[in-house]
Every structure is written in C-alpha cells, then in structure tokens.
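Take a look at the structure below.
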Amino acid sequence: MGSLNIKRVYDEPKPTDGYRVLVDRLWPRGETHERAAADVWLKEIAPSPALRTWWNHDPDRLDDFSTRYEAELDENPAVGELLQIVRDHDVVTLLYGARDPKVNHARVLRDYLLAHGAATDE
C-alpha cells in the first residue's frame, strides 16, 4: 500500500507529496491556492471550532485534545472520504498550517487514520 504523510502547507510542494489534502478548517493565512497546491480541501475533517479554540495549540493539552479530536473523528463522515482518498492514491500528504510539526491536529489525524485502516509503507 501507499504512504500517508503530513507536511506544513507553507513548505514547498514536491512531486513526492503525491495527492495533497489540506485538512485545516480555515484557509492558511497568506497562502494562495496556487502555492498551496492542494488537490482537495477537506475542511470537514478538521477539529470543530470549539475544540480548536479550547486547545489553542497548547502542548500541555495535546493528550486531552487528541482524545477529544479522536472522539469527533469517530462521528465524522469525512473520515470515510479521507480513507477512500488514501486507498485511491499511492502517496497522500495531509497539509496543515500550524507552526509546530509535533503539536498539530494533522499528526493526530494521521495516527487515527493509520489505526483505522490506512496503510503506510514507512
């Protein structure tokens, strides 16, 4: 099977990114659609506005945020759509706008997808 990666949307797009999926609810500040080079914007997969506001990318809340976000994902029909995208493409890169490569919802989402049927060769 293919690979599932995460990457900051502000980083230079590369052919090795494969199918690029923006997973933020809000369009990244200052980023043009052309530069983002996202194949699809799946904003419905992002944390709810209330959860995102509560978390505020606080590293001390990451574990609690992960639990709450995973509970949202359990009820989110967009998960099925994203899993299908992963099945349909050899390489999928989830794009996010957060500054911290370790404290962001895309990392939680990637781990969730891997635990729910997305395969990776990494």
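Asn104 places no side-chain N or O within donor-acceptor distance of the main-chain N or O of Ala98, the cut-off being under 3.5 Å. No side-chain donor-acceptor contact under 3.5 Å links His116 to the backbone of Leu83. Distance alone, capped at 3.5 Å, is enough to place a donor-acceptor pair between the Lys7 side chain and the Glu12 backbone. The backbone N or O of Glu44 sits less than 3.5 Å from a side-chain atom of Asn76, completing a donor-acceptor pair. With Asp58 contributing its side chain and Asp60 its backbone, the two residues share a donor-acceptor pair below 3.5 Å. In this structure, Arg110 contributes its side chain and Ile6 its backbone to no donor-acceptor pair below 3.5 Å. No side-chain donor-acceptor contact under 3.5 Å links Arg20 to the backbone of Asp39.
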**Message:** Show, in sequence, the C-alpha distance, side-chain angles and deciding distance for Leu113 and Leu94, and conclude whether the side chain to side chain contact (heavy atoms under 4.5 Å, CB included) test is met.
**Reply:** CA-CA 11 Å; Leu113 293 171; Leu94 306 179; 4.2 Å; yes
**Request:** Start with the C-alpha gap between Val79 and Ile45, add the side-chain angles, then the distance that decides, and say whether side chain to side chain contact (heavy atoms under 4.5 Å, CB included) holds.
**Result:** CA-CA 7 Å; Val79 169; Ile45 201 76; 3.7 Å; yes
**Asked** Is there a side chain to side chain contact (heavy atoms under 4.5 Å, CB included) between Leu42 and Leu82 once you walk through the steps?
**Response** CA-CA 8 Å; Leu42 193 60; Leu82 187 50; 3.8 Å; yes
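In this structure Asp63 satisfies the side-chain hydrogen bond (donor to acceptor under 3.5 Å, both in side chains) test with no other residue, sequence neighbours excluded.
Screening Trp54, Trp55, Phe65 for a side chain to side chain contact (heavy atoms under 4.5 Å, CB included) involving Pro47 leaves a single residue, Phe65.
Applying the salt bridge (charged side-chain N to carboxylate O under 4.0 Å, His left out) rule to pairs touching residues 64-79 yields Asp64-Arg68, sequence neighbours excluded.
Considering all non-hydrogen atoms of both residues, Asp17 and Val91 come closest at O-CG1, 3.5 Å. Minimum interatomic distance between Leu26 and Arg52 (heavy atoms only, all atoms of both residues): CD1-NH2, 3.5 Å.
Leu95 belongs to a hydrophobic cluster whose remaining members, ordered by chain and number, are Val9, Tyr10, Leu22, Trp27, Trp41; membership requires side-chain heavy atoms of ILVMFWY residues under 4.5 Å apart, directly or through intermediates.
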